[in-house]
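The sequence lines fix the lettering, A, B, ..., with proteins before strands; numbering per chain opens at 1. Reckoned from all heavy atoms, side chains included, excluding hydrogens, waters and symmetry mates.
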Amino acid sequence: MLSMKDYLRDIISNSLQQFDISEDEIPEIQIEKPNQPEHGDAASNIAMNLASVLKMNPRKIAEQIVEELEYDGRKLSGIEIAGPGFINFRYAENYLFNELQTILNQGETFGQSDSLEGQKINVEFVSANPTGPLTVGHGRNAVLGDTIANLLEWTGADVDREYYFNNAGRQMRVLGKSVRARYLQELSHDVELPEDGYEGEYIKDIAQTLVNEHGKKLADTEDITPFKEKAEQLIFEEIQATLKRMNIVMDRFFNEQEVYDDGSIDETVQKLRDKDLAYDKDGATWFRTTSFGKDQDTVLIKSSGEPTYRLPDIAYHANKLDRGYDQCIDVFGADHIDTYPDVLSGIEALGYDRNKVDVVVYQFVTIVKEGKPFKMSTRKANFVTLDDLMDEVGSDVTRFFFEMRDPNTHLEFDIAEAKEAGDKNPVFYLQYAHARIHSILRKVEQEYSFSSVPNLQLLTHESETKLMKSLIRFPEMIQSAAESREPHRLINYLNDLASHFTTFYHDCRILGQEEDLVQARSALSKATAQVLANGLGILGITAPEEM
RNA sequence: GCGCCCGUAGCUCAACUGGAUAGAGCAACUCCCUUCUAAGGAGUAGGUUACAGGUUCGAGUCCUGUCGGGCGUACCA
């Protein structure tokens with residue numbers, strides 16, 4: 001179905017044919033919603049953008065465009081020229097009624113589109129190595145990635161959620177040694193936690209499990225493998241349980257080891273050498289990143305023979321593209337901001353289209369505890385886990401908190417505030433509106449039984465009109481949130497919608513009116529509940545029918 | 001030093017990617033529950049969008065510089 005935006009673009013475009021200019025001189029026709037309601041429901045700045053091309057007064061251009069504009073009176077009721085040359089459009093009432101009916105017909109699929117139909121997209125997120133529980137620091141990553149994946153699914157894409165990890169590095173060895181030390185302590189050996197060891201309580205739990213399963217049998221060996229493997233297994237179980245609590249289920253866990261085992265590491269280096277993009281110096285193998293605009297080359301393989309993270313990262317991205325994804329989205333924190341260009345350069349050098357990899361960088365979360373910034377460290381056991389947070393405020397508030405802000409801005413997370421957030425948290429505003437509607441609908445159902453379709457023409461109150469206008473924006477909001485990978489836009493929209501509903505709720509009583517009006521207003525309320533539920537669903541937040 | 005990101009009401013943040021009079025939530029103050037959930041609503045107050053220039057019909061948004069904060073700047077990930 002043609003959206004209003006597309007329709008307006010079409011009719012403007014037709015009118016522009018009167019001007020003697022070539023196709024590529026015409027700027028993009030932008031349609032937006034004006035801030036001031038007096039300026040109508042949609043506006044275009046096309047006349048101003050054409051002013052320099054046509055060398056004419058923008059208001060004059062606007063007049064000529066409007067004069068030649070042919071439009072459907074069932075969709076638009078008025079067109080005005082205002083300000084420096086804006087063309088303002090006003091929706092016809094019938095258009096709103098038709099759209100409202102569409103929402104009711106489409107129900108839980110309203111808002112879905114097929115703009116990315118046929119696209120296979122891989123979203124890689126969380127990707128924390130299994131050295132400890134997920135912290136609130138990982139929370140922003142997890143929630144952002146999952147919500148972006150949801151948004152893309154709503155625009156028609158076939159999305160896989162992937163978690164990339166490495167269980168072979170130095171971190172993991174230290175983890176294994178730490179578990180071994182705790183294990184021996186459990187058996188009353190006089191050993192100390194290694195320097196730089198992991199100090200968290202969860203290490204003791206893992207050690208205890210090993211004691212239960214193996215008794216003293218592991219005490220004699222210096223080999224840390226069984227300790228490392230048990231730790232990895234248990235920590236991953238916990239990570240997955242934590243994610244599950246937040247409604248996040250991964251499709252695949254990809255172990256970095258795979259790109260070693262299948263030979264693609266060696267293959268990658270060889271291909272780069274063939275193109276003279278890799279060379280040896282000082283016993284190490286270097287990647288010629290200077291030919292991609294960097295001011296230094298970077299090391300791919302250390303003189304110790306061990307690759308740096310960059311090399312498997314490149315091979316891993318090539319692996320994803322080989323699996324047939326049209327697009328790979330990486331979600332990661334600002335600390336990677338300087339390193340991902342090397343990965344993009346790497347895959348470009350291997351002959352892939354670097355535009356197929358899209359990186360979403362989010363700024364760090366600053367934890368504030370007892371009024372002071374709190375530096376987290378997994379190793380030092382200075383952290384607030386996501387589970388702790390969810391124990392305090394629940395999964396809905398946790399998700400909402402990470403979704404409500406622009407990813408590209410620093411986020412301050414005050415633990416105390418989040419805990420007491422309880423009833424003043426903005427997520428409740430949305431859920432409350434939803435629950436309130438269902439409460440009304442239950443009463444309507446008890447008292448009435450309608451035999452015919454609702455007469456939506458009765459919805460003429462200003463608050464009703466505004467609510468309908470808000471409702472019909474839902475599909476384009478999803479589109480824009482998905483394209484920009486910015487879930488917070490959806491939150492802003494839902495807040496606005498809930499606020500329009502509340503105004504309607506106060507202005508327009510439902511129960512106790514003429515039966516026709518009860519039915520029409522119930523229909524409007526039902527559509528509102530539906531959009532709220534669909535939106536909350538995308539955010540991974542529950543939409544309770546009672547609170 | 002260099003690179004990237006950020007700086008908007010007392011606090012936490014929006015502002016549809018360059019549009020018309022910069023908006024919400026907390027906090028403060030004044031009101032509104034015999035009526036569908038007051039986890040709500042109506043209102044008041046609060047701003048030179050860090051600062052200084054520039055680009056143009058038009059700048060919180062783009063460019064330059066300054067100041068302040070975060071993150072990088074490794075043969076760590």
Original post:
Going by an N to O cut-off under 4.0 Å, is there a salt bridge joining Lys281(A) and Asp297(A)?
Top reply: no
Subject >> Salt bridge Arg90(A)-Asp41(A), side-chain N to carboxylate O under 4.0 Å >> reply: no
Regarding [X] and [Y], is there a side-chain donor-to-acceptor distance under 3.5 Å anywhere?
| X | Y | answer |
| --- | --- | --- |
| Asn141(A) | Tyr362(A) | yes |
| Thr409(A) | Gln363(A) | no |
| Ser113(A) | Gln479(A) | yes |

Using a 4.0 Å heavy-atom cut-off, does [X] contact any base of the nucleic acid, only the sugar-phosphate backbone, or nothing at all?
| X | answer |
| --- | --- |
| Lys443(A) | sugar-phosphate |
| Arg489(A) | base |
| Ala433(A) | nothing |
| Asn492(A) | sugar-phosphate |
| Asn88(A) | base |
| Asn35(A) | base |
| Leu411(A) | sugar-phosphate |
| Asn49(A) | base |
| Gln296(A) | nothing |
| Glu38(A) | base |
| Glu483(A) | nothing |

Original post:
So, does Ser3(A) use its side chain to make a donor-acceptor pair with the main chain of Asp6(A) at under 3.5 Å?
Top reply: yes
Original post:
When you measure from the side chain of Arg59(A) to the backbone N and O of Pro84(A), does any donor-acceptor pair fall under 3.5 Å?
Top reply: no
When you get a sec, tell me which of [options] is the closest nucleotide to the side chain of [X]?
| X | options | answer |
| --- | --- | --- |
| Arg436(A) | rC75(B), rG72(B), rU37(B) | rU37(B) |
| Glu486(A) | rA77(B), rC75(B), rU17(B) | rU17(B) |
| Pro84(A) | rG19(B), rA14(B), rA77(B) | rG19(B) |
| His410(A) | rG69(B), rC13(B), rC75(B) | rG69(B) |
| Ala43(A) | rA20(B), rC71(B), rU17(B) | rA20(B) |

**OP:** Rounded to the nearest angstrom, tell me the gap between atom CG in Asp406(A) and atom P in rA24(B).
**Re:** 20 Å
Subject >> Between rC13(B) (C1') and Gln363(A) (CD): distance, integer Å >> reply: 15 Å
**OP:** Just name whichever nucleotide pairs with rG58(B), Watson-Crick or G-U, keeping both distances under 3.5 Å, else none.
**Re:** none
Subject >> Base partner of rC2(B), which must satisfy Watson-Crick or wobble distances under 3.5 Å >> reply: rG72(B)
Original post:
Is any side-chain N or O of Lys302(A) closer than 4.0 Å to OP1 or OP2 of rC76(B)?
Top reply: yes
Can you tell me whether the side chain of [X] and the base of [N] have a donor-acceptor pair closer than 3.5 Å?
| X | N | value |
| --- | --- | --- |
| Arg442(A) | rU37(B) | no |
| Ser303(A) | rC75(B) | yes |
| Asn45(A) | rG19(B) | yes |
| Asn495(A) | rC13(B) | no |

Subject >> Whether His39(A) stacks on the six-membered ring of rA20(B) base, 5.5 Å and 30° limits >> reply: yes
Original post:
Do Tyr429(A) and the base of rA39(B) stack face to face, with centres under 5.5 Å apart and an angle between planes under 30°?
Top reply: no
Subject >> rA50(B) and rG68(B), which share atom name P, separated by this distance in whole Å >> reply: 16 Å
